[in-house]
Amino acid sequence: MAMSLPHQIGALSGTSLTAETGGVSCEVPAKGSSATSAMWRTPMTNLKVSVQKTGTEIDRVSPSTSPPVSPMMGGGMRPDLSVACQALMEAQVDEVVEREYKVRNSSAKEKGVPVFVMMPLDSVKMDHTVNRKKAMNASLQALKSAGVEGIMMDVWWGLVERDAPGEYNWGGYAELMEMAKKHGLKVQAVMSFHQCGGNVGDSCTIPLPRWVVEEMEKDPDLAYTDQWGRRNFEYVSLGCDTLPVLKGRTPVQCYSDFMRGFRDRFENLLGDTIVEIQVGMGPAGELRYPSYPEKDGIWKFPGIGAFQCYDKYMIRSLQGAAEAFGKPEWGHTGPTDAGQYNNWPEDTNFFKKEGGGWDSQYGEFFLTWYSEMLLNHGERILQSAKAIFEDKGVKISVKIAGIHWHYGTRSHAPELTAGYYNTRNRDGYLPIAQMLARHGAVFNFTCVEMRDHEQPQDALCAPEKLVRQVALATQEAQVPLAGENALPRYDDYAHEQILQASSLNINDQSGDREMCAFTYLRMNPDLFHPDNWRRFVAFVKKMKEGKDANKCREQVEREAEHFVHITQPLVQEAAVALMH
């Protein structure tokens with residue numbers, strides 16, 4: 001007989017449990033918590049018990065829900081493991097509902113938006129092992145039972161190739177990939193060529209590889225630089241993309257070799273477990289300049305940020321462009337009247353709406369060069385990624401930042417400093433979408449959960465209008481669009497906004513088009529809080545149903561409440577086991 005839910009929880013906690021419900025009784029000793037190999041062996045999945053009903057017998061997942069009182073944590077069980085296990089129990093209820101709904105609608109057309117969940121940034125530790133392995137295992141099982149398609153994980157350059165160029169240690173990631181495979185979860189692997197730490201939501205610090213940092217310390221111009229000479233070490237300046245400045249290799253060669261090493265190590269999982277490679281192209285893994293660094297309080301929302309083109313390699317390129325344009329005097333430096341990080345557009349001569357430098361011949365020249373440098377950077381890395389992963393059954397994606405503040409101004413200053421030449425008179429996202437389309441890549445965009453009125457209106461924030469503009473650009477370029485939430489949200493209001501945005505109902509040409517995927521930020525104890533988890537499970541189901549998500553919502557909720565009521569004793573029994 002397959003292991004029922006209490007036996008799984010017992011296996012995780014090292015306790016033997018007895019379950020009695022609906023006329024079924026069984027007892028299985030729990031497995032010990034120690035593993036004989038390097039891989040944590042999870043309990044069996046495909047949970048079934050036979051439940052007797054009047055005149056019929058139905059195979060059913062053992063249903064359960066959260067206890068009326070939160071279990072005590074004094075027995076040594078970590079809170080992160082406890083909340084994941086509790087979430088797993090609740091998810092079994094929803095799995096019953098989902099299977100019964102699928103039976104009733106087996107002839108329905110396959111559609112909807114698959115949901116992935118972003119893993120913690122520190123899922124792999126500095127010693128190349130999986131962080132919080134037992135909690136991770138229980139969490140992955142909970143996510144799978146909730147109907148989640150898969151997970152997104154950062155594969156950090158600063159961890160894998162930390163000590164010496166060309167020496168890759170995939171430890172921890174190999175184990176994590178196998179855990180995902182065991183639970184039937186797909187993986188979006190992010191080639192994270194940036195530093196972790198210093199951006200919104202960064203909960204840990206993972207610097208660039210030591211040997212890269214050493215080279216940047218020898219030649220500080222390898223770092224992005226603002227007009228005041230402040231260096232940013234989050235990502236190697238794209239100004240030296242094609243120069244052999246990293247121990248005889250160019251940065252793009254380093255990125256390519258890393259991706260090739262990943263392909264060779266995980267080739268057996270590509271196209272099956274690993275279904276997407278998101279290629280990091282800048283700070284926070286996004287194709288942009290580090291124009292709004294939060295570290296040390298340099299930038300605060302909703303400041304306009306600052307141009308990052310003052311290292312000698314960028315200036316050298318600017319000089320060449322100015323000479324070719326016939327204005328060599330424009331090549332000595334970037335704009336000097338664009339204000340500081342925390343100014344607003346109207347505080348500056350360059351970004352102000354009337355007579356601003358952005359709308360001059362010089363402004364057009366500079367912003368075209370600045371944005372094309374970013375596009376060329378993306379083009380170079382995508383060409384390499386496409387060749388490396390060709391015919392491997394994986395999608396290639398690129399993440400674009402959702403810079404929604406001051407969107408309602410004429411100049412769109414924060415977008416300009418980040419490298420997106422988007423103004424009231426110019427579409428800056430269509431060229432990005434067209435570049436991605438040339439390489440068959442997915443356009444991944446953030447801030448999908450936000451509504452205009454939730455943001456500071458004095459800063460003319462407009463995330464909904466921005467998402468719509470991006471959706472139109474990707475529709476015109478015929479490139480797939482995927483989404484993420486920019487900040488953690490667990491409320492129904494945010495979920496409804498994501499559902500609406502992912503449906504891509506933007507005009508009469510939209511048809512059946514939907515986002516190709518949505519990645520939810522992020523897996524943590526807050527997600528597994530009972531109320532948050534119930535809302536999240538319902539959200540995942542509605543996303544999978546697609547544009548007709550509302551048609552069975554009430555029935556799903558009624559059936560879930562029914563199972564919540566009848567399974568309280570079983571859940572309380574499992575909660576007692578967790579306390580010991």
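Treat the numbers as computed from the prediction; the structure is a model and nothing was measured.
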Kindly say whether [Y] contributes a backbone atom to a donor-acceptor pair with the side chain of [X] at under 3.5 angstrom?
X: Asn524; Y: Asp526; value: yes
X: Asp163; Y: Pro209; value: no
X: Thr225; Y: Ala223; value: yes
X: Asp257; Y: Arg260; value: no
X: Arg424; Y: Gly408; value: yes
X: His128; Y: Lys125; value: no
X: Tyr235; Y: Ala284; value: no
X: Ser123; Y: Met119; value: no
X: Gln278; Y: Glu276; value: no
X: Asp221; Y: Asp311; value: no

Could you tell me how the ring of [X] sits relative to the ring of [Y]: parallel (under 30°), tilted (30 to 60°) or perpendicular (over 60°)?
X: His406; Y: Trp344; answer: perpendicular
X: His495; Y: Tyr520; answer: tilted
X: Trp405; Y: Tyr292; answer: perpendicular
X: Phe350; Y: Tyr362; answer: perpendicular

Requested in this report: Please test Arg263 against Glu390 for salt bridge (charged side-chain N to carboxylate O under 4.0 Å, His left out), starting from the C-alpha separation and ending with a verdict.
Outcome: CA-CA 10 Å; Arg263 178 201 65 190; Glu390 194 167 17; over 6 Å; no
Taking the six-membered ring where the residue is Trp, are the ring centres of [X] and [Y] under 6.0 Å apart?
X: Tyr224; Y: Tyr289; answer: yes
X: Trp330; Y: Phe366; answer: no
X: Phe258; Y: Phe193; answer: yes
X: Phe266; Y: Tyr173; answer: no
X: Trp170; Y: Trp156; answer: no
X: Trp157; Y: Tyr255; answer: yes

Query - Arg426 to Tyr421, cation-pi by 6.0 Å centre distance and 45° axis angle - result: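 Verdict for Tyr421: a cation-pi partner in Arg426.
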Query raised in the report: Is the CD atom of Gln478 crowded by more than 12 outside heavy atoms at less than 6.0 Å?
Result: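 Counting neighbours around CD of Gln478, 12 or fewer heavy atoms of other residues, nucleotides or ligands fall under 6.0 Å, so no.
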We want to know whether [X] and [Y] form a side-chain donor-acceptor pair, criterion being a heavy-atom distance below 3.5 angstrom.
X: Thr446; Y: Glu484; answer: no
X: Glu286; Y: His194; answer: no
X: Tyr313; Y: Asp219; answer: yes
X: Glu161; Y: Asn169; answer: no
X: Asn232; Y: Gln308; answer: no
X: Thr519; Y: Gln188; answer: yes
X: Asn444; Y: Ser397; answer: no
X: Ser503; Y: Asn505; answer: yes
X: Trp369; Y: Ser317; answer: yes
X: Ser192; Y: Asp154; answer: yes
X: Tyr429; Y: Glu415; answer: yes
X: Tyr407; Y: Asn422; answer: no

Write down the atom of [X], the atom of [Y], and the distance for their closest heavy-atom approach.
X: Gly331; Y: Ala322; answer: N-CB, 3.4 Å
X: Ile400; Y: Ile432; answer: CD1-CG2, 3.8 Å
X: Gln195; Y: Leu208; answer: N-CD2, 3.6 Å
X: Asp241; Y: Thr250; answer: O-CB, 3.3 Å
X: Glu464; Y: Arg451; answer: OE2-CA, 3.4 Å

Requested in this report: Go through the steps to decide whether Glu167 and Arg162 satisfy the test salt bridge (charged side-chain N to carboxylate O under 4.0 Å, His left out), and finish with yes or no.
Outcome: CA-CA 8 Å; Glu167 294 183 7; Arg162 179 179 60 199; over 6 Å; no
Is there a side-chain contact between [X] and [Y] (heavy atoms, below 4.5 Å)?
X: Ile403; Y: Tyr420; answer: yes
X: Gln361; Y: Phe325; answer: yes
X: Pro302; Y: Pro414; answer: no
X: Lys353; Y: Glu346; answer: yes
X: Asp226; Y: Phe307; answer: no
X: Val279; Y: Met259; answer: yes
X: Leu472; Y: Glu476; answer: no
X: Leu382; Y: Met435; answer: yes

Query raised in the report: Does the side chain to side chain donor-acceptor pair (under 3.5 Å) test come out yes or no for Ser237 and Arg231, once each step is laid out?
Result: CA-CA 10 Å; Ser237 170; Arg231 309 289 188 178; over 6 Å; no
**Report entry** Ion pair Lys295/Glu234, N-O distance below 4.0 Å
**Finding:**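 A salt bridge is absent here (no side-chain N lies under 4.0 Å from a carboxylate O).
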Query raised in the report: Can we say Lys300 and Glu294 salt-bridge, meaning some charged N sits less than 4.0 Å from an Asp/Glu carboxylate O?
Result: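 Not counted as a salt bridge, because no side-chain N and carboxylate O are separated by less than 4.0 Å.
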Query - Derivation and outcome, salt bridge (charged side-chain N to carboxylate O under 4.0 Å, His left out), residues Arg410 and Asp359 - result: CA-CA 9 Å; Arg410 294 184 187 179; Asp359 202 23; over 6 Å; no
